[in-house]
Amino acid sequence: MLQPIARLGGRGLELLNDIGRAGIFLLRSLLGIFMPPWKIRPIIKQVYVIGASSFGVIFFTGAFVGMVLGLQGYYTLRMFGADSVLGSAVALSLIRELGPVLTALMVTGRVGSAICAEVGIMRISEQIDALECMAIDPYRFLISPKFVAGLVSVPLLTAIFNIVGLMGGFLVGVRLLGGNEGAYIQSMKSSVLIGDIRMCFVKSVCFALLIIWICADRGYWVHLGRNGFGAEGVSRATTQAVVISSVAILVADYVITFIML
Amino acid sequence: MTDEYCIELAGVEKSFGAQRVLKGVDLPIRRGLTTVIVGESGQGKSVLLKHILGLVRPDAGRVLVGGTDVARIKGRRLKELRTRFGVLFQSAALFDSLSVFENIALPLRERTAMGERQIHDKVAATLGMLDLGGSEDKYPAQLSGGMKKRVGLARALQLDPEILLFDEPTTGLDPVKSREVYQIFHDTQKRLGYTSVIVSHDIPKIFNLADYVALLHDGKIRICATSEEMQRSEDPLVKAFISRVMGNIYVSDIESRLLRDQDDRGRF
Ligand SMILES: Nc1ncnc2c1ncn2[C@@H]1O[C@H](COP(=O)(O)OP(=O)(O)OP(=O)(O)O)[C@@H](O)[C@H]1O
Ligand SMILES: [Mg+2]
């Protein structure tokens, strides 16, 4: 009769353990950024992996999200005779919400899963043990460059997403459906404040931190066998990492919006 | 602890779940000499090496390296201790996103202030010594098992370590290559004076290299003696082990005689 309770308690302890370990993981990786020797090459490589290779995906999602916003916004606003504020509607939804959130979700799927699998494979093939035996700090060597690259790339990708989205909205709302060009630009200019940009930036930085943290952490501890062992363990950890970090992004989005609005 | 011993394991016990792997291992390892650990597959030889490295912590007992208990330190002190080791894993554990050259250069790049030119020369010299010339731009996935082992060896030798820990350095190498590897061990040890601990199944060839041979059986060191003493031992278990693994003695006898005719310089 007590068994289910014991199991629940065990799960709870396991979860606490995981969270504590993840906390130490984050701390050591962030400290690793400031530990010598500093090398620029691994960071550039990671910026390429995380940032440059996501450019295409971000460009297309940004364009289509902007276009669909233009389309929906145009017809909805016209019902109320408010199609002159289309520019402001598109810009605010993109900059405050959709830009940072969708960019982060795309990066999670595109890069987070790859990071988790890469680190996990290095773990199960003893490469991380080998690093430790060579007295090379695996956090500093492996994980810290990913954090730096994530913190640089994700805000930039978010900015690209926003710009492309605004142009997409303009293309559909003005050029295709024949809205007023001057009104679109004017309403956009007058409604977007510096606070909105700041919120967008804060969000993208926090999301970058979450993505790299969660995905790298799941891979790093894959040998503990929470998800099974070997290749199967890595594949499950990867799925788990993507799910957890997607949910975490949405939760964090709510919290940040609540605090900053 | 006297200065004579570089590493000393005392009463080391380790279980994985219900499985007791090490049941009180006592093993002194002498400075500047080669100690070979033999034993059947699955007896815990690799686990033993990982204890020396501090990758696995014992349930009981002490693992002293130069007077420091590896099991009781962590963080910076453990890292410092590890700077004295050169390690070859059983699985070689090469970094599979780095080329052969970058793998071997990694310890030099990360742990020394050497310039690219010097690193290049040093790595090239090691590659030549291990007959790996021409594969520096390949990736580990493109190497044969024996080549991986040799790249792992090259990487372990880069920082001129005080203590070398090798888990099956010659498994997967052909007889000629493994003899060359033994020759390299012999020469570099004479030159650099390091202490080496080698896990090997390559009996009897490894006996020529070993100053001491330790047999791990049933979670304990059954005997730790010179190769001759080991071969003459009256312990029935040791005798049984020797006769079992020396089953191919005739083959290797003929082989070594043939090779001695060809080339007199080799000890192996
Ligand atoms: N991380 C681990 N978790 C659980 N059991 C382990 C672990 N590592 C090793 N073992 C067990 O310990 C025992 C000894 O393993 P070890 O790898 O040391 O054998 P070995 O003597 O090196 O064998 P071989 O000569 O085949 O390499 C095995 O039975 C193995 O199942
Ligand atoms: Mg082994």
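Looking at every heavy atom in both residues, Ala130(A) comes nearest to Phe89(B) through CA-CE1, 3.6 Å. In terms of heavy-atom proximity, Glu102(B) sits nearest to Arg41(A) at OE2-NH2, 3.9 Å. When every heavy atom of Ser125(A) is checked against every heavy atom of Ser91(B), the shortest pair comes out as O-OG, 4.2 Å. Pro37(A) and Glu110(B) get closest at one heavy-atom pair: CG-O, 4.0 Å.
Crowding of Arg21(A) atom CZ: a count of heavy atoms from other residues, nucleotides or ligands under 6.0 Å exceeding 12. Sparse packing is recorded around NE2 of His120(B), with 12 or fewer heavy atoms of other residues, nucleotides or ligands lying under 6.0 Å away. Summarising the local packing, NZ of Lys39(A) is surrounded by more than 12 heavy atoms from other residues, nucleotides or ligands at distances under 6.0 Å. Counting non-hydrogen atoms of other residues, nucleotides and ligands closer than 6.0 Å to CZ of Phe16(B) gives a total above 12. In this structure, Arg77(B) places its CZ atom where only 12 or fewer heavy-atom neighbours from other residues, nucleotides or ligands lie under 6.0 Å away. A 6.0 Å sphere centred on CZ of Phe25(A) holds more than 12 heavy atoms belonging to other residues, nucleotides or ligands.
When the candidates Thr83(B), Leu53(B), Leu55(B) are compared by the number of heavy-atom contacts under 4.5 Å with chain A, Leu55(B) comes out ahead.
Here the side chains of Glu126(A) and Gln90(B) are not in contact, with every heavy-atom distance at 4.5 Å or above. Side-chain contact between Asp129(A) and Val87(B): absent, with no pair of heavy atoms (C-beta onward) separated by less than 4.5 Å.
Leu78(B) contributes atom CG, which lies 8.0 Å from atom CD of Glu132(A) (distance to the nearest 0.5 angstrom). Interatomic distance, Leu131(A) CG to Arg82(B) CZ, rounded to the nearest 0.5 Å: 11.0 Å.
Neither the backbone nor the side chain of Arg84(B) comes within less than 4.5 Å of any heavy atom in chain A. Contact annotation for Ile128(A): neither backbone nor side-chain heavy atoms come within less than 4.5 Å of a heavy atom of chain B. Of the atoms belonging to Leu94(B), it is backbone heavy atoms, and not side-chain ones, that fall under 4.5 Å from chain A. Contacts between Arg28(A) and chain B at a heavy-atom distance below 4.5 Å are absent for every atom of the residue. For Met122(A), the part sitting under 4.5 Å from any heavy atom of chain B is the side chain, from C-beta outward, and nothing else.
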